[in-house]
Student: 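First, the structure itself, so that you have it in front of you.
Counting convention: from 1, in listed order, for ligands and their atoms alike. Because the structure is a prediction, the values reported are computed rather than measured.
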Amino acid sequence: MNSFFNNTKDAFTLKSNFDLLRARFLFTIIQNKFLVRLGTWVTNFCLKIHLPINSIIKISIYKHFCGGIKETECYPIIKNMFKKNVCTVLDFSTEGYQNEKDFEICCEKKISIIEFIKDKDEIPFAVFKPSSVGKSSVFEKVSKGTILNTDEKEAWLKIRNRFHLICKKAKESDVKILIDAEEFLIQNAIDQLALEMMIEYNKNEIFIYNTVQMYRKDRLTYLKKITTENPGILLGFKLVRGAYMEKERYLSKKHDYPSPICKDKLSTDKNFDSAIEYVFQNLKQINLVCASHNEASTLKVMDLMNKNNLKNNDKKVWFGQLYGMSDNITFNLAMKSYNTFKILPFGPVKNLIPYLLRRAEENTSVIGQSGRELSLIKSEIRRRRLQS
Ligand SMILES: Cc1cc2nc3c(=O)[nH]c(=O)nc-3n(C[C@H](O)[C@H](O)[C@H](O)COP(=O)(O)OP(=O)(O)OC[C@H]3O[C@@H](n4cnc5c(N)ncnc54)[C@H](O)[C@@H]3O)c2cc1C
């Protein structure tokens with residue numbers, strides 16, 4: 001590990017001894033594939049037969065990865081992080097939204113969050129998941145270029161309208177907005193709308209950021225195409241590696257099309273590096289959010305900022321991590337004045353269970369991720385014991 005990220009004292013400055021012991025317990029379990037699978041099965045089973053497991057989840061994994069039920073409940077965490085120069089992006093859980101009424105509620109909720117965060121320096125970005133404001137089947141058809149029937153045309157119009165409502169509200173409130181990336185089969189439609197939003201709302205300043213998943217083989221080409229084909233347009237990109245690798249591989253096999261995902265981790269890493277380099281070659285046109293828990297990628301961005309004479313706190317570049325993970329990256333960057341944020345999910349426990357299970361699954365399947373977290377947590381516990 002690079003020594004820049006070794007400083008566990010500042011990384012865990014906001015965590016009590018109890019928080020650290022809980023984190024050690026959680027990541028020890030998460031490291032065990034069998035226990036994660038068993039836990040996932042038991043959780044789903046308990047939910048199915050309506051066993052009241054919410055309170056157990058709330059004091060354990062939920063408390064580590066989420067902020068609370070309501071945005072106001074998250075505020076103490078947000079204020080404490082901001083004292084350490086770490087901003088927050090509030091992410092209201094929207095898993096399982098499936099019909100027009102849900103999508104409407106979700107759109108209104110996103111707009112109310114923007115209203116809540118406007119004028120709050122500690123929350124400079126809002127975020128939304130495209131499939132929470134419209135049917136995935138419509139996104140998929142638009143992505144494939146399939147002719148839509150009358151109902152679908154109406155649904156697509158509503159989706160576009162909701163994108164505009166959220167992005168317009170963000171711009172008017174001086175809040176930047178991150179559009180999440182999703183599955184390959186629906187991403188083309190998301191990209192179309194994201195570009196439309198950037199053209200409309202990134203006039204003198206970049207408010208709209210689209211997310212680019214670099215585990216996809218074709219995304220560097222996308223990045224270059226969108227930049228060169230829209231020379232006068234200011235573009236915001238949030239670079240990620242991608243969260244749906246196993247699902248994408250499964251779907252491509254099931255529906256018999258070539259997998260869109262890079263053949264191995266090294267290829268994804270190379271792609272991510274190339275995307276970072278490309279962004280820095282086009283800094284006049286592009287703002288970057290490096291959304292990653294990868295230390296090498298973070299160091300690469302820091303190095304390129306330095307080579308391009310950008311100050312650490314230049315607003316063209318942001319670093320983002322998920323709440324409950326990689327505090328050693330976030331807080332050590334923040335100490336050196338880099339722009340950093342944590343994505344802080346909030347909402348009812350039941351709605352956040354799929355997110356939490358994904359975090360557990362991701363930390364098991366990503367080589368070394370939970371090991372990295374666990375060893376940092378252990379070394380901070382040891383450091384505090386030696387000090388007391
Ligand atoms: C702030 C933030 C916002 C995010 N927003 C989104 C989003 O909108 N959409 C989204 O999809 N994800 C999103 N993610 C998740 C992200 O895509 C990654 O899953 C996660 O961050 C792990 O990647 P990494 O760069 O942090 O670290 P690493 O641990 O270095 O990389 C792990 C990642 O590498 C890739 N990988 C692993 N093994 C292989 C393999 N065998 N072959 C090919 N590739 C492999 C996978 O993408 C895996 O997630 C977000 C993450 C953060 C921190």
Student: State whether a side-chain donor-acceptor pair under 3.5 Å links N339 with K315.
Tutor: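 Side chains of N339 and K315: pair found under 3.5 Å.
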Student: Under 4.0 Å from any heavy atom of A291, which atoms of ligand 1 are there?
Tutor: 1 (C), 2 (C), 3 (C), 52 (C), 53 (C)
Student: Between Q187, K265, K263, flag the one that comes closest to atom 32 (C) of ligand 1 by a heavy atom.
Tutor: K265
Student: Looking only at heavy atoms of R249, does any of them come nearer than 4.0 Å to an atom of ligand 1?
Tutor: yes
Student: Hey, looking at atom 45 (C) of ligand 1, which of E248, E246, R216, M245 has the closest heavy atom?
Tutor: M245
Student: Please list, chain by chain and in numerical order, all residues satisfying salt bridge (charged side-chain N to carboxylate O under 4.0 Å, His left out) with K176, sequence neighbours excluded.
Tutor: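 Salt bridge (charged side-chain N to carboxylate O under 4.0 Å, His left out) list for K176, sorted by chain: E205.
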Student: Could you say whether the N/O atoms of E182 and ligand 1 ever approach to under 3.5 Å?
Tutor: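 No.
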Student: Please work out whether any backbone atom (N, CA, C, O) or any side-chain heavy atom from C-beta onward of T268 is under 4.0 Å from ligand 1, and answer side chain, backbone, both or neither.
Tutor: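 Side chain only; the backbone of T268 stays clear of ligand 1.
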Student: Using heavy atoms and a 4.0 Å limit, tell me yes or no: is K238 in contact with ligand 1?
Tutor: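 The answer is yes, since K238 has a heavy atom less than 4.0 Å from ligand 1.
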Student: So, is A181 polar-close to ligand 1, with some N/O to N/O distance under 3.5 Å?
Tutor: yes
Student: Side chain, backbone, both or neither: which part of Q321 comes within less than 4.0 Å of ligand 1 when only heavy atoms are counted?
Tutor: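 The backbone, only.
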Student: How long is the straight-line distance from CD1 of I186 back to NZ of K141, given to the nearest 0.5 Å?
Tutor: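 The NZ atom of K141 sits 14.5 Å away from the CD1 atom of I186.
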Student: Taking ring pair (Phe, Tyr, Trp, His ring centres under 6.0 Å) as the cut-off, I'd like each qualifying pair that reaches into residues 304-350, sequence neighbours left out, listed once.
Tutor: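 Passing the test, one end in residues 304-350: F92-F346, F125-W318, F125-F341, F319-Y338.
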Student: Hey, which atoms in ligand 1 end up nearer than 4.0 Å to a heavy atom of I343?
Tutor: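 Those of ligand 1 that fall under 4.0 Å from I343 are 1 (C).
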Student: For ligand 1, indicate whether the residue Y244 contacts it via side chain, backbone, both or neither (heavy-atom separation under 4.0 Å).
Tutor: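 Contact part for Y244 vs ligand 1: side chain (C-beta onward).
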Student: Going by the atom numbers of ligand 1, which of them fall below 4.0 Å from some non-hydrogen atom of Q213?
Tutor: 10 (C), 11 (O)
Student: Ligand 1 versus K129, non-hydrogen atoms closer than 4.0 Å: side chain, backbone, both, neither?
Tutor: neither
Student: Can you establish whether the number of heavy atoms outside K316 located under 6.0 Å from its atom NZ is more than 12?
Tutor: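 Correct, the count exceeds 12.
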Student: More than 12 heavy atoms of other residues, nucleotides or ligands under 6.0 Å from NZ of K63: is that the case?
Tutor: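 Open.
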Student: In ligand 1, which numbered atoms sit nearer than 4.0 Å to a non-hydrogen atom of C262?
Tutor: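 Heavy-atom distances to C262 below 4.0 Å select 42 (N), 43 (C).
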Student: Out of D269, L266, V89, D264, who is nearest to atom 42 (N) of ligand 1 when you count heavy atoms only?
Tutor: D264
Student: Polar-atom distance check: D180 versus ligand 1, any N or O pair below 3.5 Å?
Tutor: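 By distance alone, the answer is yes.
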Student: Would you say OH of Y257 has more than 12 non-hydrogen atoms from neighbouring residues, nucleotides or ligands within 6.0 angstrom?
Tutor: yes
Student: Please report the C-alpha distance between I377 and F12 in whole Å, then the side-chain angles of each, then the deciding distance to 0.1 Å, and finally whether the side chain to side chain contact (heavy atoms under 4.5 Å, CB included) criterion is met.
Tutor: CA-CA 8 Å; I377 292 160; F12 295 114; 4.0 Å; yes
Student: Mind running side-chain hydrogen bond (donor to acceptor under 3.5 Å, both in side chains) on Y75 and E122 for me, showing each step along the way?
Tutor: CA-CA 10 Å; Y75 211 55; E122 54 274 41; 2.3 Å; yes
Student: Between G320 and ligand 1, is there a nitrogen or oxygen pair with a distance under 3.5 Å?
Tutor: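 In this structure, G320 places no N or O atom under 3.5 Å from an N or O of ligand 1.
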Student: Indicate yes or no: at least one non-hydrogen side-chain atom of P258 is less than 4.5 angstrom from one of S252.
Tutor: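 The answer is no, as the side chains (C-beta and beyond) never meet within the 4.5 Å cut-off.
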Student: Which ligand 1 atoms does S292 reach within 4.0 Å, using its non-hydrogen atoms?
Tutor: 24 (P), 25 (O), 26 (O), 53 (C)
Student: Does one side chain, of Q187 or D191, offer a donor that lies under 3.5 Å from an acceptor on the other?
Tutor: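 There is such a pair between these side chains.
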